[in-house]
Amino acid sequence: MPRTYIGALRGFDDGTDVVIYGWLQEARIMKNVSFLILRDNTGIIQATFKNDEATLEAIKRINRESIVKVQGVINKKSVSKSGIEIKGTSVSVVNEAEAPLPLPVIDPVQADLETRLNSRFIDLRKRNVSAIFRIESSLLWGIREYLHGQNFIEVHTPKIVAAATEGGADLFPVRYFEKDAYLNQSPQLYKEVLMSAGFDRVFEVGPAFRAEEHNTTRHLNEFTSIDIEMSFADHNDAMSMLENAIKSGVENAIRANNDDFEALGISIGVPETPFPRITYEKCIELLSSEGIDFKFGDDFSPDHLRMIGSRFKGFYFITEWPASVRPFYTMPKQDDPRLTNSFDLQYREIEVTSGAQRVHDPKMLVERFREKKLDVKSFQFYIDAFKYGMPPHAGWGLGLERLTMILLGLNNIRETTLFPRDRTRIIP
Ligand code: AMO
């Protein structure tokens, strides 16, 4: 008989013979009957067995979390909470779990995050933990769908590279035969080169590596970056692409992940677009109205951003950042070159996306390299792409784990990362 997913059992008639496979979450042995609680990727079901001697002996020997096969008959008149159970006819162990478990799967007391991450394969068996990743997947799917609908193609650019994009200090060096190489911080240079190649609109979902030393609740050393680049477009076009992509992601998650939101005990709404926009200079005015002295040209601290963010309900853009805090590829503002055509998308004090219109004039680009004291030679392949017909272009990079974290109201980015890489962790 073929396997039935637990989540599909409801669709069968009372009395149907079924075979299910799953993890034995719990066995409750009573005087005359035993209840096995089985779990698979789609749900949980109770299987009831009469305690004849052989069955009772078999059940007693099965450790929690073992993989078992249960054969039985669907009982839709069950008095169990879900109203459906299986009247078991046979149970066998497919693969035994050792005891004791490194971490309990059903335990009202939540272990601390470090302990959970050390045994992540068990931690991920918990319904309220796996829910996060199902929602993350749907968010990404909705974003992908939106971008495809806008004629973007998905691309894959190298992660072993020869040059830094987001600043030289945060690079992980790798040995590449006889050459020095690094893990890529962002697909920035390649996505721009693809604009020169005439691809018009590209997006990439891939890992980005940052050797940042600080260990915070919103930084990872390897994260998933959703990047876009679009030709004949400016920062305003990129911002509206971003808010619509996020909206599509959230709509998809709301549509597809009802049970997961329930498991997390939360519900989220579709964010209203357009998101409010506030300029960097306006933020300074806001801070000074609160008595905070802030120097033009500096970056905001989390405390500053908390104060600015308290003025907004959800997402908001901070636009027109000064050139001093933006990378070399950022387009200066035409009537005020101290500023740039750039933006960050914020949610309270947390930055979720950075983006900008880019410099497309090769001479201006080389000047910007010099101003930032970067070695033009190591960027030659990038600069060459600007010399032979580069369209004006814009784009952004959105951190998937941060997006999931803020939408689900979680307070540590490790919660939205399957196997986080931080300052001290590379295992598992
Ligand atoms: P930026 O460096 O601001 O911009 O990164 C873009 C977005 O990526 C996420 N992010 C991170 N997430 C977790 N841990 C980190 N250490 C981390 N660093 C960044 C954030 C951030 O907003 N090339 C530009 C993008 C562009 O202009 O297209 C870039 O990489 O959500």
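In each ligand, atom 1 is the first atom listed, and ligand 1 is the first ligand listed. Atoms considered below: every heavy atom in the structure, side chains included; atoms not considered: hydrogens, waters and symmetry mates.
- Across all their heavy atoms, T353 and G397 have their closest contact at CG2-O, 3.1 Å.
- Considering each of R210, Q185, E222, the one bringing a non-hydrogen atom nearest atom 5 (O) of ligand 1 is R210.
- Side-chain contact between I74 and V18 is present, with heavy atoms from C-beta onward closer than 4.5 Å.
- Comment: R414 does not engage E114 in a salt bridge, judged by the lack of any side-chain N to carboxylate O separation of less than 4.0 angstrom.
- Cation-pi geometry between R201 and F203 is not satisfied (NZ or CZ under 6.0 Å from the ring centre, within 45° of the ring normal).
- Neither the backbone nor the side chain of E229 has a heavy atom within less than 4.0 Å of ligand 1.
- Comment: E320 does not engage K282 in a salt bridge, judged by the lack of any side-chain N to carboxylate O separation of less than 4.0 angstrom.
- Residues satisfying the side chain to side chain donor-acceptor pair (under 3.5 Å) criterion with N236, sequence neighbours excluded, are absent altogether.
- Looking at S354, G397, P420, G355, it is S354 that brings a heavy atom closest to atom 3 (O) of ligand 1.
- At least one N/O-N/O distance between S186 and ligand 1 falls below 3.5 Å.
- Protein heavy atom nearest atom 24 (C) of ligand 1, with residue, atom name and distance: Y329 OH, 3.3 Å.
- Each of the atoms 26 (C), 28 (O) of ligand 1 lies under 4.0 Å from some heavy atom of W396.
- Ranking protein heavy atoms by distance to atom 26 (C) of ligand 1, first place goes to Q188 OE1, 3.3 Å.
- Looking only at side-chain heavy atoms (C-beta outward), L365 and F379 stay at 4.5 Å or farther from each other.
- Within the 4.0 Å heavy-atom criterion, neither part of I228 lies near ligand 1.
- For the pair R144 and F152, the cation-pi criterion (under 6.0 Å, within 45° of the ring axis) is not fulfilled.
- Ring-plane geometry between Y280 and W321 is classed as tilted, the angle between the planes lying from 30 to 60 degrees on a 0 to 90 degree scale.
- Taking the six-membered ring for Trp, F172 and Y182 have ring centres at least 6.0 Å apart.
- In terms of the side-chain contact (heavy atoms from CB on, under 4.5 Å) criterion, residue partners of E212 (sequence neighbours excluded) are, by chain and number, D170, R210, H214, H219, N221.
- Close approach to R218 involves these atoms of ligand 1, each under 4.0 Å from a residue heavy atom: 13 (C), 14 (N).
- Contacts with ligand 1 closer than 4.0 Å are made by side-chain heavy atoms of F223 only, the backbone lying farther away.
- Which parts of ligand 1 touch T353 is read off a 4.0 Å heavy-atom cut-off, strictly below it: atoms 22 (O).
- Of the N or O atoms in I413, none lie within a sub-3.5 Å distance of an N or O in ligand 1.
- Backbone and side-chain nitrogen or oxygen atoms of V352 are examined, and one is located within less than 3.5 angstrom of a nitrogen or oxygen of ligand 1.
- Contact annotation for H219 and ligand 1: heavy atoms of both the backbone and the side chain come within less than 4.0 Å of the ligand.
- For ligand 1, one of its N or O atoms has an N or O atom of E351 under 3.5 Å away.
- In this structure, the side chain of T417 does not engage the main chain of F419 through any donor-acceptor pair within 3.5 Å.
- Protein heavy atom in closest approach to atom 29 (C) of ligand 1: E166 OE1, 3.5 Å.
- Compare R402, R358, Q357 by their heavy atoms: the one nearest to atom 20 (C) of ligand 1 is in R402.
- Salt bridge E204/K159: present, at least one basic N to carboxylate O contact under 4.0 Å.
- Near L220, meaning under 4.0 Å from one of its heavy atoms, ligand 1 places the atoms 13 (C), 14 (N), 15 (C), 16 (N).
- Residue-to-ligand polar distances place G399 within reach of ligand 1: an N/O pair is separated by less than 3.5 Å.
- Polar contact with ligand 1: present for E212 (N/O pair, distance under 3.5 Å).
- Atoms of ligand 1 lying under 4.0 Å from at least one heavy atom of K191, given by number and element, are 26 (C), 28 (O).
- For a threshold of 3.5 Å applied to N or O pairs, the pair formed by S225 and ligand 1 contains no separation below that value.
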